[in-house]
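Predicted model, so just to flag it, every value in this text is computed and none were measured.
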Amino acid sequence: MIDPKLIRHTPDVVAEAMRRRHKAIDLDMLTALEERRRAALSKVEVLKAERNAVSGQIAELKKRKEDATGHIEAMRRVGEEIKELDEEAHIAEAEFMQILLTIPNLPDAGVPDGADADDNVVVRTWGEPTQPDFPAKPHWELAEALGLLDFERATKIAQARFSLFVGLGARLERAILNYMLTLHATQHGYTEIWPPYLVHPDSLQASGQLPKFEEDLFRLREGLYLSPTSEVQLTNLHRDEIFEAGALPRYYTAFSPCFRAEAGAAGQESRGLIRQHQFDKVEMYKFVEPERSMDELESLVANAEAVLQGLGLPYRVVLLCAGDMGFSALKTYDLEVWMPGMGKYVEISSCSNCGDFQARRGQIRYRREAGGKPELLHTLNGSGLAIGRTWAAVVENYQQADGTVALPPALHPFMGCATIGG
RNA sequence: GGAGGGGUGGCCGAGCGGUUUAAGGCGGCGGUCUUGAAAACCGUUGUGGCGUAUCCCGUCACCGGGGGUUCGAAUCCCUCCCCCUCCGCCA
């Protein structure tokens with residue numbers, strides 16, 4: 001959530017930010033609601049002050065066994081007025097908040113203009129795109145030949161767009177997860193978390209999925225949701241908390257399966273592991289002091305890059321343009337891994353600085369100094385990485401002419417073998 | 001899932017519907033005393049909104065959340081959530 005005060009004090013800044021995002025919002029409506037709320041509030045407070053004072057007098061009179069019916073009658077009328085004005089203020093505020101919760105974060109000044117993915121900027125490339133001297137196959141063909149994936153049975157068990165790993169394919173998924181978590185927990189200073197997979201709507205509102213993106217989520221009869229990313233759980237780890245001075249930064253990493261209804265995504269990337277209703281992901285998350293968050297974004301990206309470098313997978317780093325960024329982010333880098341079988345770069349990580357956007361929605365604060373006022377902190381999140389897509393990248397990049405896969409050394413200890421197939 | 005008991009400030013813990021705009025204690029902060037410290041004593045203490053107002057000032061709200069009764073609610077009523085104890089079920 002953006003700072004509500006911006007609506008009143010610098011509406012032009014908000015309007016410009018929304019223009020950059022190619023999002024239309026009704027600022028006049030917001031301003032009017034805020035005005036209504038404040039008008040009702042200032043009126044009702046005068047009346048409440050009067051009621052408090054006269055109530056004291058009534059108490060005095062009653063204590064002395066004197067008549068107070070005049071005061072009581074007057075306060076009855078005041079009470080009715082208070083009730084009406086309170087309601088007016090509540091309604092105006094509720095409507096204001098309802099709209100404010102659907103307004104995306106303001107893009108950082110360092111974010112390029114642009115409407116969609118075509119306007120993103122490649123900031124650097126690592127490694128040479130693998131081009132084997134034989135026709136490279138996509139991972140789903142390799143996996144079928146090696147018996148590593150069984151989409152048909154996954155569909156029978158659940159539905160289309162679910163996956164089922166078999167044998168060394170299943171072990172590879174587990175090995176990648178282990179490799180990533182171990183790297184972040186032991187080399188990058190992140191505290192390891194194993195979170196619940198179901199989340200409360202309050203948690204989804206704090207991280208930004210609700211109320212706007214309900215249709216992308218799986219909801220249970222009980223009112224809980226299947227988490228679409230452990231960013232949700234990690235954001236809410238410290239919801240409604242205040243970090244004492246010196247307690248920041250805090251780094252967390254978590255594994256979780258991620259569930260996405262992907263409404264409206266039918267037809268895209270229908271083959272292989274790229275786009276599924278359920279996928280595994282290791283997430284990195286940071287709670288930091290505001291002035292450090294841009295530096296922290298760079299090191300977060302470096303931590304995600306280390307995963308790919310450790311696996312020897314070629315990739316590039318892309319700075320998203322204002323129109324392509326996610327709802328909660330003010331600046332985002334995507335990591336795109338080279339997939340020789342698919343013949344293109346595919347997004348495998350998204351690292352964002354959310355500024356105080358999530359912190360405000362979740363009331364996550366810190367004290368700059370001992371005894372100081374609580375202030376909103378900044379949060380960052382990044383995939384480290386999407387496991388299924390990493391699985392696909394490993395299989396495609398390390399395929400051999402004979403159809404086997406020669407695994408990168410970093411995975412050998414977690415796999416207990418060096419090759420798949422053959 | 002069933003039965004019972006509870007949710008009060010950073011923590012513990014009082015609180016007949018009206019000097020409680022929450023007693024008392026602990027902790028924290030400031031001070032007196034002391035060579036220094038401890039002890040003792042004195043003072044102080046949260047969050048948010050509004051007022052052109054991050055501090056000061058004024059005011060309103062906040063005793064798990066929401067709603068209601070009342071001139072007036074921490075206190076009474078309804079509802080939801082959470083915690084504890086016991087029982088049941090279960091990996």
Return the nearest nucleotide to the side chain of A/Lys83; candidates are B/rG68, B/rC50, B/rU47.
-> B/rG68
Report the C-alpha separation of A/Ile420 and A/Leu148 in whole Å, then their side-chain angles, then the decisive distance to 0.1 Å, and conclude whether the side chain to side chain contact (heavy atoms under 4.5 Å, CB included) test is met.
-> CA-CA 9 Å; A/Ile420 295 176; A/Leu148 305 178; 3.8 Å; yes
Any A/Asn52 side-chain N or O less than 4.0 Å from OP1/OP2 of B/rC71 | no
Interatomic distance where CG belongs to A/Leu85 and C1' belongs to B/rU59 [whole Å] | 16 Å
What interatomic distance, in whole Å, is found between C1' of B/rU45 and the corresponding atom of B/rC50?
-> 24 Å
Give the nucleotide from the list B/rC50, B/rC71, B/rG48 with an atom nearest to the side chain of A/Met75.
-> B/rC71
Length of the line joining A/Glu50:CD and B/rU21:P, which is rounded to integer Å | 18 Å
Inter-nucleotide C1' distance (B/rG15, B/rA73), Å rounded | 13 Å
Does the distance from a Lys or Arg side-chain N to an Asp or Glu carboxylate O, for A/Glu375 and A/Arg368, drop under 4.0 Å?
-> yes
For atom CG of A/Asp86 and atom P of B/rA61, their distance in whole Å = 9 Å
To the nearest Å, how far apart are A/Arg239 CZ and B/rG64 P?
-> 18 Å
Which nucleotide in the list B/rU47, B/rC50, B/rG18 gets nearest to the side chain of A/Pro374?
-> B/rU47
Does A/Arg38 put a side-chain nitrogen or oxygen below 4.0 Å from OP1 or OP2 of B/rG51?
-> yes
If pairing means Watson-Crick or G-U wobble with both distances under 3.5 Å, then the partner of B/rA73 is none
With heavy atoms under 4.0 Å as the rule, sort A/Ile58 into base, sugar-phosphate or nothing.
-> base
Rounded to the Å, how far apart are A/Asp3 CG and B/rG48 P?
-> 13 Å
Pairing partner of B/rU59 (Watson-Crick or G-U wobble, both distances under 3.5 Å) = B/rG49
Can you find a pair of side-chain heavy atoms, one from A/Pro195 and one from A/Ser256, that are under 4.5 Å apart?
-> yes
Write down the distance between CD (A/Gln363) and P (B/rG46), rounded to a whole number of angstrom.
-> 18 Å
Using purine N1 to pyrimidine N3 plus N6-O4 or O6-N4 for Watson-Crick, or N1-O2 and O6-N3 for G-U wobble, each under 3.5 Å, what pairs with B/rC26?
-> B/rG10
Closest to the 5' end of RNA chain B, once A/Ile242 and A/Ile72 are matched to their nearest nucleotides, is A/Ile242
Starting at CD of A/Glu244 and ending at C1' of B/rG46, how long is that distance when rounded to a whole Å?
-> 12 Å
Considering Watson-Crick and G-U wobble pairs with both distances under 3.5 Å, what does B/rG4 pair with?
-> B/rC84
Answer yes or no: is there an ion pair linking A/Arg367 with A/Glu244, defined by an N-O contact shorter than 4.0 Å?
-> yes
Aromatic ring centroids of A/His378 and A/Phe357 under 6.0 Å?
-> no
Roughly how far apart, to the nearest Å, are B/rA14 and B/rA74 at atom C1'?
-> 12 Å
Could you give the distance separating B/rU75 and B/rG66 at their P atoms, to the nearest angstrom?
-> 13 Å
When you check the phosphate oxygens OP1 and OP2 of B/rU59, does a side-chain N or O of A/Lys48 lie under 4.0 Å from one of them?
-> no
Which is true for A/Arg368 with a 4.0 Å heavy-atom rule: it touches a base, it touches only sugar-phosphate, or it touches nothing?
-> nothing
In Watson-Crick or G-U wobble terms, with both distances under 3.5 Å, the base opposite B/rC41 is B/rG31
On a whole-Å scale, what distance lies between the P atoms belonging to B/rG65 and B/rU8?
-> 10 Å
Given B/rC71, B/rC55, B/rG68, the nucleotide with the shortest approach to the side chain of A/Lys373 = B/rC55
Examine the side chains of A/Tyr333 and A/Glu298 and answer whether a donor and an acceptor come within less than 3.5 Å of each other.
-> yes
Polar side-chain atom of A/Thr332 near backbone of A/Met325 as donor-acceptor pair, under 3.5 Å = no
B/rU69 phosphate, OP1 or OP2: any side-chain N/O from A/Arg76 under 4.0 angstrom?
-> no
What's the CD-P distance between A/Glu60 and B/rC71, to the nearest Å?
-> 20 Å
Can any side-chain N or O of A/Glu396 pair as donor or acceptor with the backbone N or O of A/Gly341 at less than 3.5 Å?
-> yes
Distance, C1' atom - from B/rG9 to B/rG24, rounded to whole angstrom | 13 Å
Starting at the 5' end of RNA chain B, which residue's closest nucleotide do you reach first, A/Ala59 or A/Arg365?
-> A/Ala59
A/Arg37 has its side chain closest, among B/rC71, B/rG48, B/rC50, to B/rC50
Against the side chain of A/Lys5, the closest entry in B/rU47, B/rC50, B/rG72 is B/rC50
Hey, does A/Arg77 reach any base, or is it just sugar-phosphate, or nothing, if we go heavy atoms under 4.0 Å?
-> nothing
Same-atom distance (C1') from B/rA22 to B/rG17, integer angstrom = 15 Å
Using purine N1 to pyrimidine N3 plus N6-O4 or O6-N4 for Watson-Crick, or N1-O2 and O6-N3 for G-U wobble, both under 3.5 Å, which nucleotide pairs with B/rU19?
-> none
Euclidean distance for C1', B/rG64 against B/rG7 (whole angstrom) | 6 Å
Which nucleotide in B/rC50, B/rG18, B/rU59 has an atom nearest any side-chain atom of A/Lys62 = B/rG18
